[in-house]
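Start at 1 with the first residue, then count along the sequence.
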Amino acid sequence: ERALAVVPARQKASIEKALAGLSVGMAEVDLLKLIDPRRDVVFGEWTLENGILKGSAMKPDSRLQIPYRAPEQYDLEVVAERVEGSDALLIGLANSRFQTIVGLDGWPPSYESGFEVLDQKRANSNESTRKGPVFAAGKESRILCRVRRTRISVEVDGKLVIDWAGDLARLSVRGEY
């Protein structure tokens with residue numbers, strides 16, 4: 001970062017964007033191994049069997065909190081499958097500077113995705129909103145969330161769903177979370 005101070009302003013933005021995409025030095029952590037549903041459930045019914053975490057679609061807003069402190073920059077990979085129901089999949093993203101939730105496939109039947117709260121606006125009405133479904137029922141999907149200092153991107157099955165850059169302090173969670 002100190003080297004960026006001597007770069008002309010017009011080049012600085014493109015260099016910062018390239019550096020934001022790097023994940024050099026990130027250690028891989030299997031978060032599933034840290035989860036104990038009896039301890040980590042916040043609401044709803046959850047089971048973890050044979051490396052598969054299942055939440056009940058019959059309890060809207062089911063959630064659990066993984067006992068892990070994320071670094072400033074990281075990639076989070078989730079493999080998910082909608083087997084019942086039509087509610088959103090919510091993925092919490094956080095580090096020491098911010099906390100937010102990415103909602104994927106909320107507000108059926110139109111299905112919208114985005115950050116749960118950005119500038120005090122909900123996921124279906126802020127600048128991160130993406131309209132249209134991202135999941136197919138009965139099909140596993142690979143979700144990749146990339147958190148960088150000033151950017152968060154979310155891909156589902158290799159397709160970019162959210163690519164947002166800005167001050168992460170603009171992101172938050174709803175009061176009930």
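Not one N or O on the side chain of Asp40 forms a donor-acceptor pair closer than 3.5 Å with the backbone of Ile66. Under a 3.5 Å cut-off, the side chain of Arg63 and the backbone N or O of Gln65 do not form any donor-acceptor pair. Of the possible polar contacts, one joining the Asn126 side chain to the Lys121 backbone as a donor-acceptor pair under 3.5 Å is found. Side chain of Thr129 to backbone of Ala123: a donor-acceptor contact under 3.5 angstrom is found. Proximity of a side-chain donor or acceptor of Tyr74 to a complementary backbone N or O of Ala94 within less than 3.5 Å is detected. In this structure a side-chain-to-backbone donor-acceptor pair under 3.5 Å is missing from Asn50 to Ile52. Listed for the Thr150 side chain is no donor-acceptor partner under 3.5 Å among the backbone atoms of Gly166.
If you take CG on Leu171 and CZ on Phe98, they are separated by 6.5 Å, rounding to the nearest 0.5 Å. How far CD1 of Ile91 is from CD1 of Ile101: 10.5 Å, rounded to the nearest 0.5 Å. To the nearest 0.5 angstrom, Ile152 atom CD1 is 5.5 Å from Leu93 atom CG.
What you find for Ser128 and Gly114 is that their closest heavy atoms are OG-CA, 3.4 Å. When all heavy atoms of Asp163 and Ser153 are compared, the closest pair comes out as OD1-CB, 3.9 Å. Shown here for Leu90 and Gly103, the closest heavy-atom pair between the two residues is CD2-CA, 3.5 Å. Arg151 and Leu168 make their closest contact through N-CD2, 4.4 Å (heavy atoms, listed as atom of the first residue, atom of the second, distance). When all heavy atoms of Ala88 and Gly106 are compared, the closest pair comes out as CB-CA, 3.5 Å.
Asp167 and Arg149 are not joined by a salt bridge, as no carboxylate oxygen comes within less than 4.0 angstrom of a charged side-chain nitrogen. Salt-bridge annotation for Arg146 and Glu155: present, with a side-chain N of the basic residue lying under 4.0 Å from a carboxylate O of the acidic one. Note on Lys159 versus Asp157: no salt bridge recorded, every NZ/NE/NH1/NH2 to OD/OE distance being 4.0 Å or above. Ion pairing of Glu116 with Arg122 is present here, as a side-chain N (NZ or NE/NH1/NH2) and a carboxylate O approach within less than 4.0 Å.
Under the salt bridge (charged side-chain N to carboxylate O under 4.0 Å, His left out) criterion, Asp119 pairs with Arg170, not counting sequence neighbours.
When hydrophobic clusters are built by joining Ile, Leu, Val, Met, Phe, Trp and Tyr residues whose side-chain heavy atoms come closer than 4.5 Å, directly or via intermediates, Val29 is grouped together with Leu53. By the criterion of side-chain heavy atoms lying less than 4.5 angstrom apart, applied directly or through intervening Ile, Leu, Val, Met, Phe, Trp or Tyr residues, Leu89 is grouped together with Leu76 in one hydrophobic cluster.
Counting heavy atoms from C-beta outward, Val147 and Glu72 have side chains that stay 4.5 Å or more apart. Between Arg82 and Asp105 there is a side-chain heavy-atom pair separated by less than 4.5 Å.
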Criterion side chain to side chain contact (heavy atoms under 4.5 Å, CB included) on Ile143 and Val156, from CA distance to verdict: CA-CA 5 Å; Ile143 302 145; Val156 177; 4.2 Å; yes
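Contacts classified as ring-ring contact (aromatic ring centres under 6.0 Å, His included) and involving residues 139-176 (residues at least two apart or in different chains) are given here: Phe115-Trp164. Contacts classified as ring-ring contact (aromatic ring centres under 6.0 Å, His included) and involving residues 128-155 (residues at least two apart or in different chains) are not found.
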